[in-house]
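Some notes on the structure that comes next.
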Protein chains: 4
Amino acid sequence: MLNRVVLVGRLTKDPELRYTPNGVAVANFTVAVNRPFSNQQGEREADFINCVIWRRPAENLANYMSKGSMIGVDGRIQTRNFEGQDGKRVFMTEVVADSVQFLESRGSNQGGQPGRTSNQSQQTNQSGFQPQQSNQSGFQSQQDAKPKSDNPFEDSGEPVDLSDDDLPF
Amino acid sequence: MLNRVVLVGRLTKDPELRYTPNGVAVANFTVAVNRPFSNQQGEREADFINCVIWRRPAENLANYMSKGSMIGVDGRIQTRNFEGQDGKRVFMTEVVADSVQFLESRGSNQGGQPGRTSNQSQQTNQSGFQPQQSNQSGFQSQQDAKPKSDNPFEDSGEPVDLSDDDLPF
Amino acid sequence: MLNRVVLVGRLTKDPELRYTPNGVAVANFTVAVNRPFSNQQGEREADFINCVIWRRPAENLANYMSKGSMIGVDGRIQTRNFEGQDGKRVFMTEVVADSVQFLESRGSNQGGQPGRTSNQSQQTNQSGFQPQQSNQSGFQSQQDAKPKSDNPFEDSGEPVDLSDDDLPF
Amino acid sequence: MLNRVVLVGRLTKDPELRYTPNGVAVANFTVAVNRPFSNQQGEREADFINCVIWRRPAENLANYMSKGSMIGVDGRIQTRNFEGQDGKRVFMTEVVADSVQFLESRGSNQGGQPGRTSNQSQQTNQSGFQPQQSNQSGFQSQQDAKPKSDNPFEDSGEPVDLSDDDLPF
DNA sequence: TTTT
DNA sequence: TTTT
């Protein structure tokens, strides 16, 4: 049974990185993909597609990409259902990403805030490692080492209420 | 912005064919796609993916495929939201199929009820046109002429409460 | 950089299973995919797409599928070039399959030769294990155990002139 | 029969725009897609995938994208064979693009030569229409109007030796 | 409950 | 609120 999804679009907000009780990283994010046609009012609409990614690539995504970043996603559609807070069954459909490609971080052309990894200007960045520059690579998150980061959210790695049952492997 | 989905799986129920007030055919269906791995209990789970298809291919799907039929779907992910019956906003994600491939109708190997198009045995079918035989083609619904059918559901073509706003073109 | 291919079509011949000097299984096969439109002569043409698959799934494919079998392929496009026998550089494009789905073996509906695994009638097969029946599963080759087989070609596993350089991992 | 390809990569050279004797535009181009893994020498290799696109999107591609531009491709694999100049049959595999997405033109971050559409600096471009800026859109070529251009190659539209038999519709 |  |  085949189940394959490929998306290219922009993050509607910063990815949300969490850790399962067992310490497995998982990031949720939403990709806005503009439709290739206009509606009857002549407007271009978009689809807002919920995605999840696990482990190392989850951390890379959270480190390098932020609201507005353009990414590519290769994955599969997953459906789940769970008890809602009102006791009703909630059905949800999301894309489980096998890999994510960093196509362009928000601000990469304007010298703005390049992701949440840094508050210094991109222009004066001396690190030599600038994953947020789309023109340098378009690399995939799976192969990237996890860089040192002073992002307290990520470093804390505090477990949240996430069952390992969601783990696809 | 890229948005591409390919699925192969089985219909969880007969496709539901409707017509917009303007007479445009639209079919809703759900595809069960078995996951390629087992969960922690060692069971194989499936994803149940809601799909829509418009116009002629919608009619072909409803005519030839039924619960249990294996199909291929080529399409894109669409998200919508609407006012639920309880006044709350409902978000939904579905696949809009560009084309559907008929891979095998339920019962095609066992001589059972081949779709809803006929109540005579497949063995004695003299029509010469047997779309439900996966070994004869694997043809795509887009190219197929709509055959005469005494299926009252399809012929009635009664308009239902469906806005043309949903039309993707 | 994204590179994703999904195919559903039929094997134009039996898969060719080989082993690298290191004993790694690799199978070459060609999938015929009918085009969804007719040419100017009103004929339906097909694309004949060369594919490779490695390791266990290669053995499964060779064991269960044969000329005429319908399969699904999920993979990526690979290009290579090598010195031809006439000293000229040969460029080739093929699909490297990550996984293959067995949709229907040739003969599964006609009771003919079901793959190369058996020369007895499908009707009288008592083995209880009939992977070539598309109606029983549509399972993926990755998860299947390699069954006992008296196929001399497969068992010999004789090394051929295949470099491990071709190995994608 | 399903046949779907999605690529994201960079043009290895400027697209080659031609016209059939009937005046139908067609562009050939090659996309380099870096592989997501290293070979045994620890080097990252790439696949160089030949593509074709027809009609309006062919002209848009040639107008806006050039060597080094990053694009997304949604299409299908096509195989053809023809008589080579040495009388031998040549088999070729290429991707027929249904649509192309402009992700980033070469030079869009460095202020270099932005495509072949202009020889003035990107900085001082007053046109208000800057398709080569990936940060402004990521629009698809299908929807774009063909802009006025003084590119002699494109304007001449001289017919070349291209059979309309290649036309996919 | 959305990106450019 | 699921297919084989």
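None of the values given here were measured: they were computed from a predicted structure. Note on naming: letters A, B, ... go to the chains in the order of the sequence lines (proteins, then strands), and numbering restarts at 1 for each one.
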Rounded to whole Å, please give me the gap between CG in B:Leu2 and P in E:dT3.
21 Å

If you check every side-chain atom of B:Ala46, which of E:dT3, F:dT3, E:dT2 has the closest atom?
F:dT3

For B:Glu43, give me all partners under salt bridge (Lys or Arg N to Asp or Glu O under 4.0 Å), at least two apart in sequence or on another chain.
none

Between atom CD in B:Glu94 and atom P in F:dT2, what is the gap in whole Å?
19 Å

Could you tell me the separation between the CD atom of D:Gln101 and the P atom of E:dT4, rounded to a whole number of Å?
16 Å

Specify the separation, in whole Å, of atom CG of A:Leu103 and atom P of E:dT3.
19 Å

Rounded to whole angstrom units, what separation is found between the CD1 atom of B:Ile71 and the P atom of F:dT3?
15 Å

Minimum-distance nucleotide to B:Arg10 side chain [options: E:dT3, F:dT3, E:dT2]:
F:dT3

Rounded to whole Å, how long is the line connecting atom NZ of B:Lys67 with atom P of F:dT4?
6 Å

Does a salt bridge link B:Lys67 with B:Asp14, judged by any charged N lying under 4.0 Å from a carboxylate O?
no

Could I get the full list of side chain to side chain donor-acceptor pair (under 3.5 Å) partners for B:Asn50, not counting sequence neighbours?
B:Thr30

Any salt bridge between B:Asp98 and B:Arg76, counting N to O under 4.0 Å?
no

Please state how far atom CG in A:Asn50 lies from atom P in E:dT2, giving the value in whole angstrom units.
13 Å

Please report, rounded to the nearest Å, how far the P atom of F:dT2 is from the CG atom of B:Leu7.
19 Å

Starting the side chain at C-beta, find the nucleotide from E:dT3, F:dT4, F:dT2 nearest to B:Phe48.
F:dT2

Under 4.0 Å, counting only non-hydrogen atoms across every strand here, what does A:Gly68 touch: a base, just sugar-phosphate, or nothing?
sugar-phosphate

